Amino acid sequence: MTPKNLERDYWDIVETPVHRVVVEYGNDVDTTEFGSGFPASERGRCINGKINPEKVGEPEPKFGTADFYKETGWNLKNIPCSPDSILRHVRVGINGINVPWLYFGCLFSTFCWHNEDNYLYSINYHHKGAPKQWYGVPGTKKDAAGVEKVFKNYLSMKMRDMPDLLHHITTMFSPRLLQKADVPVYSLLQNPGEFVVTFPRAFHGGFSMGPNVGEAVNFATHDWIAHGADASERYRSFARPAVFSHDRLTFTMANHLKEQKKFETCKLLAAELERVINEELRLRAKLIKSGVRDVSEQIDLPHNRLDQLDEESADYDDKRLCHACKHVCFFSAVACECSQSKVSCLRHSHYMCRCPTERKYLMIWSNDSEMNKTRDEVKRFCEHLEEGLSATTDNVDEKLTDVPVPTSEPIVSSNALDKTDPGPHVKFEDRKDEIVSFGPFFHSAPQSELDGSLPSTEPTTNSAGDPTKSEIHTIPPHVAPVQIRTDDARDTKRIKLDESVSSSKLGPARSKFAWTDDDSVSSEGNISA
C-alpha cells in the first residue's frame with residue numbers, strides 16, 4: 001500500500017459517512033513518567049535534568065559519542081533551554097511546552113488542525129515506524145484568518161455554541177476546503193529520523209500511516225514576542241488561560257537585555273513593552289479617577305520575580321487569573337470586598353460584580369516608576385544596538401569603496417575558486433523569514449552535517465535545478481469537515497515506553513522544515529461524519 005493510496009483511503013473514511021472507524025492513539029504521553037527517546041543532559045541543559053559536576057566545564061563531546069546525544073542542541077529535551085530560546089527562562093516543567101511529549105500512533109491516528117499554544121514554535125522528531133502525513137498552512141495573519149474562516153463557514157452552528165472549537169483539536173477536514181478558499185496548503189511525508197519544525201500561528205494537522213513513535217516540544221526565538229502578544233489577546237477574547245503569563249515572560253526578557261543581540265528583535269520587545277505599559281498606566285489612572293481605591297501601600301504584596309519563571313511564580317500566577325478573561329493579572333488587579341478570591345484585570349473590573357465602585361480596590365505589584373524604568377532601559381539598549389548596526393554598515397560601505405573595479409580577466413583563477421572553503425552553514429534563524437516568505441521548502445541533511453551546528457535551510461533542487469516543494473496529493477472531492485469525537489480531547493493513553501526506544505540514540509537524522517508539528521487528538525478517537 002503506497003502513501004498515496006493510504007492518503008486516499010484516509011479521506012474516504014473521514015469524509016464519507018459510510019461506517020464508523022475507531023483508532024487508537026497514545027498521545028501527549030508524559031516523558032518524565034514514561035521515558036523519552038532522547039537521553040537527559042548532564043550539564044543542566046534540560047528541564048528536570050541532573051548536573052554532573054565532573055562534566056561541567058569540559059569541552060563539547062565529539063559527534064557520535066554517547067555524551068554528544070545528551071548535550072547536542074538537536075536533543076528535544078535541550079531545545080527549549082537553548083541559549084537563543086526565550087523558553088529557557090521558564091524553569092518550571094510544562095509538559096508539551098518545554099518538556100517533550102511522546103506520541104504512539106497507529107494506522108490513521110489523527111492530529112487535527114491546530115496551531116501551537118501561545119503561538120510558539122515547535123519541533124517534532126520521528127523516532128521509528130510508519131511515516132506521518134502532514135498538512136500545513138503558513139503562519140501569517142492572513143492565512144491563519146483564512147483557516148478560521150473556513151472553520152466558521154462549515155461549522156458555524158457548532159462554533160456558535162463553542163467559539164474556541166479550534167483550540168479543542170478535535171476537527172479534521174480536507175485541505176481541499178482550504179484550497180477552494182484560496183488558503184495556501186502544503187504537505188509533506190515525515191519518515192523516521194526526520195525533524196519537522198512549525199512556525200508561530202501556523203495551522204497544521206495530519207495522520208499516521210501505521211504504527212510509529214514520535215516526540216515533540218516547543219521553543220521560541222526572540223522574534224516570537226509579537227506572535228505571543230497576538231496569542232495573549234486571542235485567548236482573552238475566549239477566556240482561555242495561557243500556558244504561562246505573556247506579560248511575565250516579556251518583562252523577564254527585558255530583565256535579560258544582554259541576550260538581545262539584534263536590533264530588529266529588541267525593537268519588537270520595546271514595542272510590546274510600550275503597548276502593555278501604556279495600557280496598564282492608562283487604565284490605572286482611569287480606575288482611580290472613577291473611585292477605585294489603591295491599597296498597594298497598605299498591604300504587603302510580593303514583588304514580581306523577573307529573573308526566571310519558576311514553579312513558585314507559576315503557582316502564584318494561577319491564583320491571580322482575571323475572573324472574566326482568565327488573563328494573568330501580572331502588574332495589578334482589581335478586587336472587591338464582596339469576595340476574598342475573585343480578582344479582575346483592569347479591562348474587566350465592571351464584569352466582576354455589581355457592587356458600587358467604592359467597594360472595589362486596586363492591588364499593584366509593579367508600580368509606575370518600575371514599569372517606566374524598564375521601558376526606558378529597553379529603549380536605550382535598542383538605540384545602542386541600532387547605533388552598532390549603523391556603525392557596522394558604515395564600515396562595510398567604506399570597505400566596499402576599496403574594492404577594485406572588475407576587469408574582463410578573473411581576479412581568482414577557476415582552480416582557486418574550486419578549492420575555496422564553502423563556509424559555515426547558514427544559521428536557521430537567519431533564513432526563516434525567507435522560508436516564510438517564499439513557501440515551505442524541505443531540506444534533508446545527512447547525519448554528518450548535524451555536528452552541533454544548525455542545518456542549512458537552502459531548498460533542495462530537482463534534476464533541472466529548480467527548487468522542489470511538496471504538493472497537495474490527489475484528494476477525493478469530498479468537502480464535509482468531520483469531528484473527531486473523544487471523551488477528553490487532551491486525554492493521554494498511558495503506554496509504557498519500550499526499553500529499546502527509551503535507550504535509543506537519535507539515529508540517522510534528517511530535517512524537514514515546514515509550517516507543521518505533532519499535537520494530537522486523544523487516546524481513542526472515533527472517526528465519523
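Below, each value reflects all heavy atoms present in this structure, side chains not excepted, and no hydrogens, waters or symmetry copies. By convention here, the first residue in the shown sequence is residue 1. Owing to the predicted nature of the structure, the values given are computational and were not obtained by experimental measurement.
The number of heavy atoms from other shown groups lying within 6.0 Å of NZ (Lys267) does not exceed 12. Counted within 6.0 Å of OH on Tyr351, heavy atoms from surrounding residues, nucleotides or ligands total 12 or fewer; the atom is thus considered open. Other residues, nucleotides and ligands contribute more than 12 heavy atoms inside 6.0 Å of the CD atom of Glu337.
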Derivation of the salt bridge (charged side-chain N to carboxylate O under 4.0 Å, His left out) call for Arg91 and Asp307:
CA-CA 10 Å; Arg91 302 309 300 174; Asp307 57 334; over 6 Å; no

Carefully, step by step, assess Asp310 and Ser313 under the rule side-chain hydrogen bond (donor to acceptor under 3.5 Å, both in side chains).
CA-CA 5 Å; Asp310 57 6; Ser313 302; 2.6 Å; yes

Pair Ser349, Leu287 - check side-chain contact (heavy atoms from CB on, under 4.5 Å), show working.
CA-CA 9 Å; Ser349 60; Leu287 287 169; 3.6 Å; yes

Chi angles and distances behind the salt bridge (charged side-chain N to carboxylate O under 4.0 Å, His left out) call for Arg88, Glu259
CA-CA 11 Å; Arg88 65 194 297 267; Glu259 295 180 3; 2.6 Å; yes

Check step by step if side-chain contact (heavy atoms from CB on, under 4.5 Å) holds for Leu362 and Val334.
CA-CA 5 Å; Leu362 184 66; Val334 177; 3.9 Å; yes

Evaluation steps, side-chain contact (heavy atoms from CB on, under 4.5 Å), between Phe195 and Trp74:
CA-CA 9 Å; Phe195 293 91; Trp74 287 102; 3.6 Å; yes

Quick one: do Cys325 and Arg347 satisfy side-chain contact (heavy atoms from CB on, under 4.5 Å)? Show the steps, please.
CA-CA 9 Å; Cys325 67; Arg347 290 185 189 178; over 6 Å; no

Stepwise ring-ring contact (aromatic ring centres under 6.0 Å, His included) test for Phe104 and Tyr25:
CA-CA 6 Å; Phe104 294 85; Tyr25 196 0; 9.4 Å; no

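A salt bridge links Glu272 with Arg275: the distance from a Lys NZ or Arg NE/NH1/NH2 to an Asp or Glu carboxylate oxygen falls below 4.0 Å. Between Glu280 and Arg284 there is a salt bridge, since at least one side-chain N of the basic residue sits less than 4.0 Å from a carboxylate O of the acidic one.
The closest side-chain heavy-atom distance from Arg236 to Cys345 is below 4.5 Å. The closest side-chain heavy-atom distance from Lys286 to Leu346 is not below 4.5 Å. Residues Val90 and Leu249 meet the side-chain proximity criterion, which asks for heavy atoms closer than 4.5 Å. Within the 4.5 Å cutoff, no side-chain heavy atoms of Ile97 are placed close to those of Pro80. In this structure, Arg45 and Cys81 have side chains that are not in contact, with every pair of non-hydrogen atoms separated by 4.5 Å or more. Contact annotation: the side chain of Ser122 never approaches that of Phe219 to less than 4.5 Å [non-hydrogen atoms, C-beta and beyond].
Remark: side-chain polar atoms of Arg248 are not paired, donor with acceptor, to backbone N or O of Asn304 under 3.5 angstrom. Between the side chain of His127 and the main chain of Tyr125, no donor-acceptor pair closer than 3.5 Å is present. A donor-acceptor contact shorter than 3.5 Å is absent between the side chain of Asp223 and the backbone of Thr265. At least one donor-acceptor pair under 3.5 Å links the side chain of Ser296 to the backbone N or O of Ile364. With hydrogens and angles ignored, the 3.5 Å screen pairs no side-chain donor or acceptor of Ser82 with any backbone N or O of Asp84. Between the side chain of Asn98 and the backbone N or O of Val92, at least one donor-acceptor pair lies under 3.5 Å. Proximity of a side-chain donor or acceptor of Tyr235 to a complementary backbone N or O of Asn118 within less than 3.5 Å is detected. In this structure, the side chain of Ser232 does not engage the main chain of Ala229 through any donor-acceptor pair within 3.5 Å. Here the side chain of Thr72 pairs no donor or acceptor atom with the backbone of Tyr69 at under 3.5 angstrom.
The ring-ring contact (aromatic ring centres under 6.0 Å, His included) search around His350 returns none, not counting sequence neighbours.
The two residues Ile123 and Leu76 come nearest to each other via the heavy atoms O-CD2, 3.8 Å. Nearest heavy-atom pair across Pro59 and Arg43 is O-NH2, 3.3 Å. For the pair Val99 and Gly93, the tightest heavy-atom approach, listed with the atom from each and the gap, is CG2-CA, 3.8 Å. Across all their heavy atoms, Gly139 and Arg201 have their closest contact at O-CB, 3.7 Å. Annotation for Phe330 and Ser245: closest pair CB-OG, 4.2 Å, computed over non-hydrogen atoms. The shortest non-hydrogen separation linking Asn78 to Ser41 is OD1-CB, 3.6 Å.
Looking only at atom types and distance, the side chain of Thr32 has a donor-acceptor partner in the side chain of Asp30 under 3.5 Å away. Under the 3.5 Å distance criterion, with hydrogens and angles disregarded, a donor-acceptor pair is assigned to the side chains of Ser369 and Asn367. For the residue pair Asn255/Thr252, the side-chain donor-acceptor check at 3.5 Å is not satisfied. Side-chain polar atoms of Asp67 and Thr65 form no donor-acceptor pair below 3.5 angstrom.
Across His204, Glu194, Gln190, Glu215, a single residue satisfies side chain to side chain donor-acceptor pair (under 3.5 Å) together with Asn124, and that is Gln190. With respect to Glu42, the salt bridge (Lys or Arg N to Asp or Glu O under 4.0 Å) criterion is satisfied by exactly one of Lys55, Lys77, Lys50: Lys55. When the options Val29, Asn27, Val217, Asn95 are evaluated for a side chain to side chain contact (heavy atoms under 4.5 Å, CB included) with Trp101, the one that passes is Asn95.
Rounded to the nearest 0.5 angstrom, Thr374 OG1 and Ile277 CD1 are separated by 6.0 Å. Within the model, atoms CG of Asn218 and CG of Leu87 stand 7.0 Å from one another, a figure rounded to the nearest 0.5 Å. Taken to the nearest 0.5 Å, the CD atom of Gln298 stands 12.5 Å off from the CE atom of Met363. Note that NZ of Lys262 is 8.5 Å distant from OG1 of Thr221, once rounded to the nearest 0.5 Å. For the atom pair CG of Asp318 and CZ of Arg320, the computed distance is 10.0 Å after rounding to the nearest 0.5 Å. Here His114 contributes atom NE2 and Phe203 contributes atom CZ; the two are 9.5 Å apart, rounded to the nearest 0.5 Å.
Residue pairs meeting the ring-ring contact (aromatic ring centres under 6.0 Å, His included) criterion with at least one member in residues 241-260, sequence neighbours excluded, are His89-His256, Trp224-His246, Phe251-Phe331.
The aromatic ring centroids of Phe111 and Tyr103 lie 6.0 Å or more from each other. Taking the six-membered ring for Trp and the full ring otherwise, Tyr135 and Tyr186 have centroids separated by 6.0 Å or more.
Judged by the 6.0 Å and 45° rule, Arg293 forms no cation-pi pair with Tyr361.
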